[in-house]
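Scroll down for the structure; my scribbles are underneath it.
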Amino acid sequence: MASHALVSSGSARGSPWTQTLARGRRSKRASHKRYQTTVTALFGGRASNPGEENQAVGTKWTPFGAGSLANPTRTAKATFADSVTVPLPPDEMIAARRRRVATRKNTGSPTSKVPPVRLLTSYDQTVATIVEEINRTASGDRVEFSVYVLEPGESTERVLDAMRRAARRGVRVDASLDCSAVSSFTRWCEGTATLASELVEMEKRFPDTVTFTPRKIPTHAKYVMCHRANSVSTAVFGGVNIGDRFKPWRDFAIRAEGSAAVGALSLGVNGSLQTIDSKDTRGSTPKIDTRIGNPYFLRKKPRTVGSRHRNAGADAEARRGGVGFFTNRPNGWSVLAWAFPRFARFPGRFDVYPALIDLMDDTRWDRYTVAAAYVDRCGVDVLTPALARGAKMTLVMPRNPNVYHDANRKALKRLMDTYGGENGQVRAYMCDDMLHAKVFLAESSTTGESAAMIGSCNLKQRSFGQFAELNALIVQPSCTRQLEKELAKLVSESELVVESDMRFSEPKATIEEWLG
């Protein structure tokens with residue numbers, strides 16, 4: 001990957017374009033550090049110190065072993081204690097390290113407080129898990145609910161009923177739904193509806209406990225977080241929308257638990273905590289106690305439970321446990337980016353694309369399995385770094401996707417023309433079911449280690465630079481092994497791509513690429 005010169009952390013100079021480029025480079029380096037700290041939590045290598053998201057640009061990355069997430073920076077007292085401790089003999093040190101590595105391979109990081117995540121492999125399983133988690137909330141707890149599409153159906157009513165019962169018990173429910181022009185256009189194309197009106201009605205019925213936020217910026221992230229005051233917090237996230245139409249679709253989601261994982265997810269999708277007055281839950285300037293003069297000592301505590309875990313410490317702990325989150329958080333609209341999505345993006349922070357590039361460019365991995373619902377030219381560019389260095393790849397796509405049919409085939413032909421063929425690096429398959437997954441499994445044929453990225457982000461240009469997205473990098477062996485089996489099953493039930501699968505129509509394919 002190309003390396004960029006470090007940019008000074010002082011005031012930006014030069015033209016607005018130069019300043020924008022400098023900010024983009026800083027964001028890319030920060031995302032690269034978060035990718036490295038997640039993978040090296042189990043496998044070793046270079047990483048950075050925990051909680052360095054706001055570290056001044058220009059500081060040097062810390063080598064692994066000196067101050068990484070696997071070996072956090074120690075206090076002066078700990079350093080002094082180390083200076084008077086007699087080290088182990090070399091042979092004992094080697095034996096101890098081998099024991100730690102073996103333990104990590106089997107159970108994850110031995111010092112981690114992050115329970116193993118659970119892979120959900122179908123729509124019904126995902127909805128049942130969401131309903132179960134909401135039903136287990138109690139008065140004083142909080143539910144955060146966000147989906148791209150909320151369509152009618154029996155399964156949707158089960159989710160909405162669980163939310164209503166939770167609100168009746170005194171659980172705070174914060175719901176959001178994509179109501180942007182993008183999703184409206186998609187619904188118009190597919191002839192479908194959304195149930196935003198149900199969430200509006202729920203807010204009117206339970207004004208003290210329910211808030212509904214219609215998102216005007218394209219929000220494709222899908223998650224449910226259950227923050228519990230007196231028991232373990234949980235979250236469900238992935239690529240699954242809500243609606244009976246999606247029942248037969250093949251997709252994946254993840255259930256995570258623990259304050260570290262849920263706090264890290266909340267930090268990813270909501271940003272750093274802005275302490276708020278309990279009477280104004282939509283955000284306000286913190287009220288400073290003038291008797292102390294410190295904004296951290298507030299006269300009123302935040303109303304929402306779970307906020308105490310939304311910090312860099314929880315994020316670092318989650319990564320030590322093998323779960324790292326990468327998000328896109330657009331905060332505005334850009335006409336230029338909308339017109340030229342390949343060359344510009346919305347204002348905000350976009351970490352998913354750099355994380356995917358890091359995963360593909362990581363020399364630890366020489367085998368990839370990718371299940372992708374939608375792909376365009378930018379998506380092919382994401383896969384290229386792995387193939388350019390000789391890695392093998394198995395790609396599964398839907399034969400007849402609900403949208404972007406010709407754009408998919410155009411991208412597939414471009415990929416296969418370069419890296420396909422009988423003895424090529426890419427083996428592509430067509431799934432006759434509607435495959436809605438956005439899943440990447442990276443494996444090492446020498447060590448047997450693996451890493452998975454699962455989430456909501458499609459391999460498309462607008463997903464990378466305009467949509468709010470949520471992806472997770474997981475290096476827990478229990479999850480990656482299960483995903484390996486599920487993807488192997490998916491491949492066995494699909495058919496190898498033939499020439500007819502790569503035929504597309506122009507200008508339809510180009511128009512679909514631009515729209516998506």
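The figures here come from the full heavy-atom set of this structure, side chains too, leaving out hydrogens, waters and symmetry mates.
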Counting heavy atoms not belonging to Lys489, are there more than 12 under 6.0 Å from its NZ?
-> no

Do the charged groups of Glu484 and Arg481 touch, with an N to O distance under 4.0 Å?
-> no

Taking all non-hydrogen atoms of both residues into account, name the closest pair between Pro218 and Trp333 and its distance.
-> CD-CZ3, 3.7 Å

Chi angles and distances behind the side chain to side chain contact (heavy atoms under 4.5 Å, CB included) call for Phe467, Asn458 = CA-CA 10 Å; Phe467 290 7; Asn458 290 304; over 6 Å; no

Keeping the roles fixed (side chain from Glu144, backbone from Met225), state whether a donor-acceptor pair exists under 3.5 Å.
-> no

Might you work through the side-chain hydrogen bond (donor to acceptor under 3.5 Å, both in side chains) test for Tyr353 and Asn471, ending with a clear yes or no?
-> CA-CA 10 Å; Tyr353 178 85; Asn471 275 27; over 6 Å; no

Take the angle between the ring planes of His220 and Tyr148 and call it parallel below 30°, perpendicular above 60°, tilted in between.
-> perpendicular

Pair Glu198 + Arg164, salt bridge at N-O below 4.0 Å = yes

List the steps, then state whether side chain to side chain contact (heavy atoms under 4.5 Å, CB included) holds for Glu203 with Thr211.
-> CA-CA 6 Å; Glu203 183 181 35; Thr211 62; 4.2 Å; yes

Please assess Ser122 against Asp124 for the test side-chain hydrogen bond (donor to acceptor under 3.5 Å, both in side chains), listing each intermediate value before the final yes or no.
-> CA-CA 6 Å; Ser122 68; Asp124 288 335; 5.7 Å; no

Consider only side-chain N and O atoms of Asp351 and Thr327, and report whether a donor and an acceptor are under 3.5 Å apart.
-> no

Any Thr121 side-chain heavy atom under 4.5 Å of Phe252 side chain | yes

Heavy-atom check, side chain of Leu383 versus side chain of Leu459, under 4.5 Å | yes

Between Arg255 and Glu133, does at least one N-O distance fall below 4.0 Å, as a salt bridge requires?
-> yes

Asn331 and Ile217, any side-chain heavy atoms less than 4.5 Å apart = no

Could you check Asp178, Val159, Leu160 and say which one makes a side chain to side chain contact (heavy atoms under 4.5 Å, CB included) with Leu150?
-> Leu160

For His405, does its backbone N or O pair with a side-chain atom of Asn408 as donor and acceptor, under 3.5 Å?
-> no

Verdict with supporting geometry, Thr394 and Leu487, side chain to side chain contact (heavy atoms under 4.5 Å, CB included) | CA-CA 10 Å; Thr394 300; Leu487 290 177; over 6 Å; no

Taking C-beta and beyond as the side chain, do Leu490 and Thr369 meet within less than 4.5 Å on heavy atoms?
-> no

Quick one: does Asp244's side chain have a donor or acceptor within less than 3.5 Å of a partner on Glu154's backbone?
-> yes

With Arg399 via side chain to side chain contact (heavy atoms under 4.5 Å, CB included) - residues at least two apart = Arg409, Met430, Asp432, Glu495, Asp501

Side chain proximity check, Tyr368 to Leu395, heavy atoms < 4.5 angstrom | no

Is the shortest heavy-atom distance from the side chain of Leu470 to the side chain of Lys222 under 4.5 Å?
-> no

Aromatic Phe206 / basic Arg169 pairing, under 6.0 angstrom, 45° off normal = no

Look at the aromatic rings of Phe325 and Phe237 and report parallel, tilted or perpendicular, splitting at 30° and 60°.
-> perpendicular

Check for a donor-acceptor pair, side chain of Asp376 on one end and backbone N or O of Ala407 on the other, with a separation under 3.5 Å.
-> no

Least distance between heavy atoms, Phe350 atom then Pro330 atom | CZ-CB, 3.7 Å

Under the side chain to side chain contact (heavy atoms under 4.5 Å, CB included) rule, what do Asp174 and Thr213 come out as? Steps first, then yes or no, please.
-> CA-CA 8 Å; Asp174 294 325; Thr213 305; over 6 Å; no

Salt-bridge test for Glu493 and Arg250: reply yes if a basic N is under 4.0 Å from a carboxylate O, no otherwise.
-> yes

Any donor-acceptor pair under 3.5 Å linking the side chain of Arg462 with the backbone of Glu513?
-> no

How about Phe346 and Trp338: do any of their side-chain heavy atoms sit closer than 4.5 Å?
-> yes

Sub-4.5 Å side-chain heavy-atom contact between Cys378 and Arg342 = yes

After noting the C-alpha distance and the side-chain angles of Ser155 and Tyr123, does the key distance pass the side-chain hydrogen bond (donor to acceptor under 3.5 Å, both in side chains) rule?
-> CA-CA 10 Å; Ser155 59; Tyr123 175 86; 2.6 Å; yes

Within the side chain of Asp141, is there an N or O that forms a donor-acceptor pair under 3.5 Å with the backbone of Ala229?
-> yes

Of the options Thr192, Thr194, Leu195, which is the one that meets Pro152 in a side chain to side chain contact (heavy atoms under 4.5 Å, CB included)?
-> Leu195

Is Arg165 salt-bridged to Asp161, cutoff N-O under 4.0 Å?
-> no

